[in-house]
Each structure stands twice: as structure tokens, then as C-alpha cells.
S.K.: 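Before anything else, here's the structure in question.
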Amino acid sequence: MRIATWNVNSLKARLPRVEEWLEYAQPDVLCLQETKLADKNFPSMAFSALGYDSAAHGHNQWNGVAILSRVGIEDVTTGFDDETIDPYEGDARLVAARCGGINVVSVYVPNGREVGTEFYDRKLVWFDALHGWIAKQYSPTDALVVAGDFNVAPEDRDVWSPKAFEGSTHVTEPERAAVRRLEEWGLVDAFRHQYDQDGLYSYWDYRRGDFHQHRGMRIDLVLVTEPLAEKIGWALIDRNARKGKQPSDHTPVVIDIDV
DNA sequence: ATGGTAGCCCTGCTA
């Protein structure tokens with residue numbers, strides 16, 4: 001089973017590249033973030049033509065998530081459950097489904113903007129809600145994949161220059177603690193399960209020629225429960241998808257699980 | 001020196 005996640009920064013702008021990538025990479029499941037599309041505008045027909053069913057969750061021109069699957073898609077839910085208070089209520093940042101016997105969650109964690117702002121504070125509260133929701137919905141012994149743009153670089157080796165990010169969001173201790181808390185519950189960073197080296201990024205700012213200068217961050221994560229972690233065949237960040245015409249500023253993260 | 005780009009639409013806001 002090949003599972004991938006990709007923040008496409010507008011599915012409308014990126015549809016040709018997503019179609020091209022699906023044909024090239026042949027994922028069984030693809031989690032999307034920043035679709036920036038209301039559900040009524042989601043291009044489900046384009047994906048059907050390539051053999052994928054889809055579950056979309058979007059309201060307007062901001063955020064928006066989806067799951068594409070060619071191994072079936074059932075029990076679709078959007079957002080947290082009714083009892084969970086969502087500090088970003090109104091945004092579309094989470095969609096879950098069961099695909100080919102695996103529980104899949106596509107997440108788009110709030111950016112947080114600047115440390116010290118209420119956006120940053122609510123990002124941490126959103127992480128609390130995510131942790132609580134996962135713990136309520138699933139067990140660490142379930143086959144579960146939580147994939148998406150976490151807007152956190154888990155460690156210093158996940159950014160091109162820790163010094164350049166001092167005082168910025170994505171690298172603060174509370175944000176990193178929020179990711180560790182998910183790991184302590186029972187999720188494993190699939191990419192780190194396979195690779196230790198630094199310099200492997202999933203996001204490069206469009207500005208300053210950051211991609212070509214290799215100034216990036218690894219903020220797109222595929223987290224899996226232990227029963228799946230022990231079956232990971234390989235993992236990779238498809239850096240090539242950041243090249244060429246009209247790329248997203250993120251690139252896909254892909255894992256193969258022997259199930 | 002607070003820069004730079006891309007994408008959306010209330011040509012400013014979000015990332």
C-alpha cells in the first residue's frame with residue numbers, strides 16, 4: 001500500500017500537476033492539504049478518471065483538505081467530533097476515512113503566523129484538540145495513518161538553519177512538544193523511521209530562490225501507528241515534484257507499507 | 001537592509 005501526502009497550495013492551480021503526479025507515482029491513497037476549494041468545486045471527476053475516489057472537505061478559498069483513494073473510501077468524517085472544541089472552527093483542516101482497511105486522516109495544522117499572536121496560541125490549542133480527537137477515535141494498535149502539513153519541523157535537523165528560524169513559528173518547543181505528544185500516544189514519524197540524515201525537506205518558501213538554495217523545512221509528516229511502522233518498506237520525499245512549472249511550495253511525502 | 005513569491009479574491013490577506 002502506497003500512501004502519500006501533499007500540500008498542493010490550491011488544487012485549482014495545481015490540478016494538472018496532481019494528475020501528472022498520480023500517474024507517475026501511483027499512490028493508493030493521497031492526502032491533500034490547502035485545496036482552497038469549496039466541496040462543490042472539487043474536481044472529483046478528474047480523479048475518478050484516474051481511478052480514484054475522493055473525500056473532500058473545503059468551504060472557501062482558504063485551507064481545505066481531501067483524501068483520494070483507489071482502494072476504496074468509507075466512513076468519511078470531516079473535522080473533529082461534535083464534543084471537541086475546534087479553536088479554528090469554520091476552517092476545513094481535517095478529513096478522515098477508511099481506505100483499504102487502513103484508517104487515514106488528512107490534516108492541515110494551522111500555520112500560527114507569529115509567535116506571541118493569538119494565531120500561534122490557537123495553533124497549540126488545535127494540536128490539543130487533534131491529540132484528544134485521535135485518542136478518542138482510535139487505538140495505538142489500530143492501523144492508522146495521520147498525514148499532512150503539520151506546520152512544525154520536529155527537530156533542528158528538519159530545517160536548513162536553526163539559527164535562521166530562532167523566534168519563529170514551526171520550530172518552537174511548544175510546537176515540537178505537540179508533535180512529540182502524538183508520538184507518545186503511539187504514532188511514529190514514518191520518514192524518520194527510515195532516514196536519519198538532515199537536509200531532507202518537504203517545503204521551500206517560494207521567495208528568495210529558497211528551493212534552489214536548498215533552504216527548506218520538513219514540516220509535512222506521515223505519522224503511523226506501530227503495527228504499520230514495522231511494515232514500512234520505504235519512505236521518500238519526492239523533491240522532483242517541487243521542480244518545473246508552477247510547483248506547489250510543498251512536495252509529496254510517500255511511504256510504502258507492506259499490507 | 002523587515003526583503004522575497006504565489007494564490008486567492010473585498011488590489012489586502014494568507015502562507
Side-chain angles (χ1 to χ4, degrees), chain A residues 5-21 31-43 46 56-66 86-94 106-127 130 147-154 158-172 174-176 178-179 201-221 237-253:
Chain A
T5 184
W6 193 5
N7 177 325
V8 292
N9 184 20
S10 170
L11 186 52
K12 186 178 171 187
R14 216 68 61 210
L15 183 59
R17 292 206 50 145
V18 175
E19 291 174 308
E20 177 188 49
W21 191 81
C31 296
L32 299 171
Q33 300 85 38
E34 281 206 86
T35 54
K36 297 185 175 179
L37 283 178
D39 291 344
K40 63 178 166 57
N41 297 323
F42 193 84
H57 179 41
H59 300 308
N60 53 32
Q61 72 271 36
W62 305 123
N63 48 77
V65 288
D86 183 347
Y88 276 83
E89 184 70 48
D91 286 4
R93 298 184 173 276
L94 187 146
S106 178
V107 298
Y108 178 44
V109 176
N111 174 285
R113 301 192 191 179
E114 305 273 343
V115 177
T117 64
E118 59 107 358
F119 297 96
Y120 173 81
D121 295 340
R122 281 197 284 137
K123 177 181 189 176
L124 298 177
V125 177
W126 198 91
F127 263 119
L130 177 64
D149 178 357
F150 283 74
N151 271 315
V152 177
D158 297 313
V159 299
W160 68 274
S161 166
K163 190 171 163 49
F165 285 100
E166 269 176 32
S168 299
T169 57
H170 296 61
V171 300
T172 67
E175 290 167 286
R176 288 175 167 175
V179 174
Y201 311 128
S202 65
Y203 162 81
W204 298 261
D205 198 300
Y206 284 122
R207 296 167 288 190
R208 296 172 305 244
D210 275 8
F211 177 67
H212 294 100
Q213 298 297 323
H214 205 52
R215 294 189 289 250
M217 317 175 80
R218 192 178 70 92
I219 58 176
D220 300 274
L221 310 177
I237 298 176
D238 186 8
R239 197 166 176 280
N240 283 331
R242 182 63 173 77
K243 300 176 181 172
K245 286 179 63 179
Q246 289 191 284
S248 170
D249 44 359
H250 296 249
T251 203
V253 182

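Just so you know, these numbers come straight off a predicted model, no measurement behind them.
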S.K.: Pick the closest DNA chain B nucleotide for Gln246(A) and for Asn151(A) by heavy atoms, then say which residue is nearer the 5' end.
M.R.: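 Mapping each residue to its closest nucleotide by heavy atoms, the 5'-most match is Gln246(A).
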S.K.: What nucleotide among dA15(B), dC13(B), dG4(B) has an atom nearest to a side-chain atom of Trp62(A)?
M.R.: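 Minimum distance to the Trp62(A) side chain belongs to dC13(B).
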S.K.: Using a 4.0 Å heavy-atom cut-off, does Phe211(A) contact any base of the nucleic acid, only the sugar-phosphate backbone, or nothing at all?
M.R.: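 Phe211(A): no heavy atom of the nucleic acid under 4.0 Å.
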S.K.: Which nucleotide, dA15(B), dC9(B), dT5(B), lies nearest any side-chain atom of Gln61(A)?
M.R.: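 The closest nucleotide is dC9(B).
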S.K.: Nearest whole Å is fine: how far is dA6(B) P from Asp210(A) CG?
M.R.: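 Taking CG of Asp210(A) and P of dA6(B), I get 12 Å after rounding.
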S.K.: Pick from Lys36(A), Gln33(A), His250(A): which one makes a side-chain hydrogen bond (donor to acceptor under 3.5 Å, both in side chains) with Asn9(A)?
M.R.: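 Checked Lys36(A), Gln33(A), His250(A) against Asn9(A); only one passes side-chain hydrogen bond (donor to acceptor under 3.5 Å, both in side chains): Lys36(A).
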S.K.: Please check if any side-chain donor atom of Asp238(A) sits under 3.5 Å from a side-chain acceptor atom of Trp21(A), or the reverse.
M.R.: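 Side chains of Asp238(A) and Trp21(A): pair found under 3.5 Å.
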S.K.: Please report, rounded to the nearest Å, how far the P atom of dT5(B) is from the CD atom of Gln213(A).
M.R.: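 About 14 Å, once rounded to whole Å.
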S.K.: Lys12(A) has a side chain; which of dC8(B), dA6(B), dA15(B) sits nearest to it?
M.R.: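 Within the option list, the nearest is dC8(B).
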S.K.: Rounded off to whole Å, could you give me the CZ-to-C1' distance for the Arg207(A) and dG4(B) pair?
M.R.: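 So the two atoms are 6 Å apart, to the nearest Å.
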S.K.: Return the orientation label for the Trp160(A) and Phe165(A) ring planes: parallel under 30°, perpendicular over 60°, tilted otherwise.
M.R.: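 Correct class here is perpendicular.
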S.K.: Provide, to the nearest angstrom, the distance between the CZ atom belonging to Arg208(A) and the C1' atom belonging to dA6(B).
M.R.: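 Taking atom C1' of dA6(B) as the reference, CZ of Arg208(A) is at 13 Å.
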S.K.: Select base, sugar-phosphate, or nothing to describe what Arg215(A) touches, counting heavy atoms under 4.0 Å on all strands.
M.R.: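 Arg215(A): no heavy atom of the nucleic acid under 4.0 Å.
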